[in-house]
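Every chain is numbered from 1, with letters handed out A, B, ... down the list of sequences.
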Protein chains: 4
Amino acid sequence: MGIQERKEREKERRRQQIIVAAKRVFSEKGFNKATMEDIAKEAELSPGTLYLYFKNKEELYASLSLRILQYLHIRVTHVNKETSLTPDKKLSALMEAMYDVYEFDPLIIINMFHLQSSETLKNLSESLLDEIKDLSKKSIGAIAKIFEEGIEQGIYEDRHPVALADIFWAMFSGVVLWEASKKIISSDKDYLKSTLAAAFELFERGIRKAG
Amino acid sequence: MGIQERKEREKERRRQQIIVAAKRVFSEKGFNKATMEDIAKEAELSPGTLYLYFKNKEELYASLSLRILQYLHIRVTHVNKETSLTPDKKLSALMEAMYDVYEFDPLIIINMFHLQSSETLKNLSESLLDEIKDLSKKSIGAIAKIFEEGIEQGIYEDRHPVALADIFWAMFSGVVLWEASKKIISSDKDYLKSTLAAAFELFERGIRKAG
Amino acid sequence: MGIQERKEREKERRRQQIIVAAKRVFSEKGFNKATMEDIAKEAELSPGTLYLYFKNKEELYASLSLRILQYLHIRVTHVNKETSLTPDKKLSALMEAMYDVYEFDPLIIINMFHLQSSETLKNLSESLLDEIKDLSKKSIGAIAKIFEEGIEQGIYEDRHPVALADIFWAMFSGVVLWEASKKIISSDKDYLKSTLAAAFELFERGIRKAG
Amino acid sequence: MGIQERKEREKERRRQQIIVAAKRVFSEKGFNKATMEDIAKEAELSPGTLYLYFKNKEELYASLSLRILQYLHIRVTHVNKETSLTPDKKLSALMEAMYDVYEFDPLIIINMFHLQSSETLKNLSESLLDEIKDLSKKSIGAIAKIFEEGIEQGIYEDRHPVALADIFWAMFSGVVLWEASKKIISSDKDYLKSTLAAAFELFERGIRKAG
DNA sequence: CATGAATGAGACTTCATTCAT
DNA sequence: AATGAATGAAGTCTCATTCAT
């Protein structure tokens, strides 16, 4: 391994170190109340160092979303590759993948919506935004493919696959968000898992061709 | 009408004036980038005045959500009262109501999630938070009732009605959020209406008893 | 005096209060080492208040120069108005005026060059920059007029009046700057007054037509 | 040439390399906006290396002035040595030398004033400051000698030679500064050369004994 | 000797909130 | 009740400088 490469790796490790710290802090405090100093402390680095790896607070924040999207994309692509699986099995695998996405980063998914649904997006560097767009599209596309297959095989109702993928993703994230809200609002127990299962079941029934 | 009452009414009018302005400003700029001065200007009042009607920025913000919840509650309650309607018709009416909720305040629903999914909630005054909790519960309860009826009449699958209501609401808001994100990310056309219709249809198929 | 007008006056007084404090602090520490907090303290105001009256540090700084230019312009215009004076007397009056400009604000004139000769100018608001340009031009124009008169009357050598004005002003400020430098560098006594007198005399001999 | 000496030379070359880079960067951005990293990049060195050759940013900056003073001193000394020249010719040669000083480093002369007229000087190391003082004095002294000669020979008016030298230098730098300002302020064409010529002519007339 | 990643102090600026009028 | 000038705490970000390699 050359020196060049070792440095590259070291740098990537530092980035991850910061991202992990940022995730923790953002999750706990939310975007605004989290300060760069908080994150620096969590990462056991100095504030200035953060800026060597991320242009500003917003880009650091956005990088977290990117990380989820990457994970999601990998998982869904993986499901798609298993050509031996029937659409049914694939759908099941997809649902499992989605749940893993949630477990991979339970709180950040909420912040991810905060990111997308507003203010921040406009200040990101072109390249980062492009990456987000790209991954987003690819992931939805991969999900859509599963539905497409099912439709072609006459198992699912004939609907626009991308629209189905959108609904699938929207339902998933809607449930995650809503259960999170309920936990805050009503200190309810964590029903996420069962609600999610119910939602997935409902979705499946909704697209499957009747009898 | 007594003087007391007239004053009360005047005060309420002022509150609404501020809320309307706040809605506009928050919608355009998001919670953080919107300043109290922005809102004051929009309301043609001075910053100090805002504090005569709202304890602080966060309470003003939360009041917007309250307003949606109130609207939602009224609409759903209204649907429920129509005892002559079949569950099917009621579900249709509910869907329509949800769409109206969205149209009543298209952007604020996004901010509402921002509110709920994080930071702010903890700083609200007990009473306001209670009101939100209460309305939230009542609205979900009212929605659940529709499903309950359908289940009792053997039209819908036998599921926990509140869970169905949660999924219904989560799906609705998930779609709204996701379509909003897509608009920002990919400058897509506004597919909200059709996606929402598709989602509702899927939901209906999902809960309806086969055969 | 209406309320409107009183407020206007109050506001102007505040501006002056800040300018005076800024002048003291900038003179003592220079542009970079002077902090907004220093200035706020000197003005017995809070940092935030400075920003109600000046857009940023650089505009505050530039306003000091503007103040000198205003003073200079008034003085030179005044000299010009005295139609009864011969060009000779006017030149004397001009020299006196220049010296007063210096005394009006001995150290800031140095900073003024710092301002003009560099970095800062580009960040100023259009309007402020325009004002500076305008006053600058007018002042030089007024000085040039004195020379023009002398040339017309055959007292002074026939040279381009504006060029003479430029040289006059350049010599004046050059001497002020240079004597200031010398004071720092060699802790010399303050020879400014005599050097300035010598320079003015030399200038006069230089433009006067030989006997 | 011993190893010692070669090293010495190598070191000096590095210093010059840095100074040249610093000149470019300071000229373009001014003292504050120029960062040590900018300079390092321009010199194709690392930031750390700069500190092996210069104690800090201010000393690096001051070294530029020193370089001009050195150049000025060499030129003026050279003029003085030409014992065969009349004071008149010497004055002409001096003027030419001054113009070359300007061309040697057109923008830095402005920054030199920034240096001298303020903040920085106080933080310099004793030795560097001494060198500046020394060269400064010597250069002015050399200029003064020319005038002294002219006075002794009855060509120039009987004035204090050092005062004349001061005025000469002040006028020169005043014109350079002022023309630079004008270029920024009014985007005027570059009249420096002609203004400088006019100033020199005026100066000469001013000191020369009348007919 | 050279590097350049890391530091961390400190500056500017914003803005929610207060309070005298 | 309404104002809006003033506050001052706090946050983001920069950059001169250091030091382990």
Pairing residues for A:Arg24 by the salt bridge (charged side-chain N to carboxylate O under 4.0 Å, His left out) criterion, not counting sequence neighbours: A:Glu42
Over how many whole Å does the gap from C:Leu50 atom CG to F:dA5 atom P extend? 15 Å
C:Tyr53 side chain near C:Ile19 side chain, heavy-atom distance below 4.5 Å: no
Whole-Å distance separating the NZ atom of A:Lys11 from the C1' atom of E:dG4: 11 Å
Pairing residues for A:Arg14 by the side chain to side chain donor-acceptor pair (under 3.5 Å) criterion, not counting sequence neighbours: A:Gln17
With a 6.0 Å cut-off (strictly less than), is the heavy-atom count around NZ of B:Lys11, excluding the residue itself, greater than 12? no
Check the distance between F:dA1's C1' and B:Glu10's CD and give it to me in whole angstrom. 11 Å
Taking only residues two or more places apart in sequence or in another chain, which ones pass side chain to side chain donor-acceptor pair (under 3.5 Å) with C:Thr49? C:Ser46
Atom CG of B:Asp38 and atom P of E:dT14: how far apart are they, to the nearest Å? 13 Å
Atom pairs under 3.5 Å: protein N/O with N/O of nucleotides 8-11 of chain E:
residue	atom	partner	partner atom	Å
E:dG8	N7	A:Ser46	OG	3.3

Output the rounded distance in Å from CD (C:Glu59) to P (E:dC12). 15 Å
OP1 or OP2 of F:dA6 sitting under 4.0 Å from any side-chain N/O of C:Arg14? yes
Just to verify, what does D:Glu12 make a side chain to side chain donor-acceptor pair (under 3.5 Å) with, not counting sequence neighbours? D:Gln16
Work out how much the helix from E:dA2-F:dT21 to E:dT21-F:dA2 bends between its end axes, five pairs an end, to the nearest 10 degrees. 10°
OP1 or OP2 of F:dA2 sitting under 4.0 Å from any side-chain N/O of B:Tyr53? yes
For atom NZ of D:Lys41 and atom P of F:dC15, their distance in whole Å: 12 Å
Would you mind reading off the distance between D:Ile39 atom CD1 and E:dG4 atom P, rounded to a whole angstrom? 17 Å
Can you name the side chain to side chain contact (heavy atoms under 4.5 Å, CB included) partners of D:Lys41, sequence neighbours left out? D:Glu37
For a quick check of understanding: with a heavy-atom distance under 4.0 Å over all strands, which category does D:Leu52 fall into, base, sugar-phosphate or nothing? base
Using heavy atoms to find the nearest nucleotide of DNA chain F for C:Leu45 and B:Leu45 separately, return the residue whose nucleotide is more 5′. B:Leu45
C:Glu44: which residues meet the salt bridge (charged side-chain N to carboxylate O under 4.0 Å, His left out) condition with it, sequence neighbours left out? none
Whole-Å distance between F:dA6 C1' and C:Glu44 CD? 15 Å
Of all the choices, E:dA16, F:dT17, E:dG4, which nucleotide is nearest to the side chain of B:Tyr51 once you look at every atom? E:dA16
Return the set of residues passing side chain to side chain donor-acceptor pair (under 3.5 Å) with D:Glu131 (not counting sequence neighbours), or none when no residue passes. none
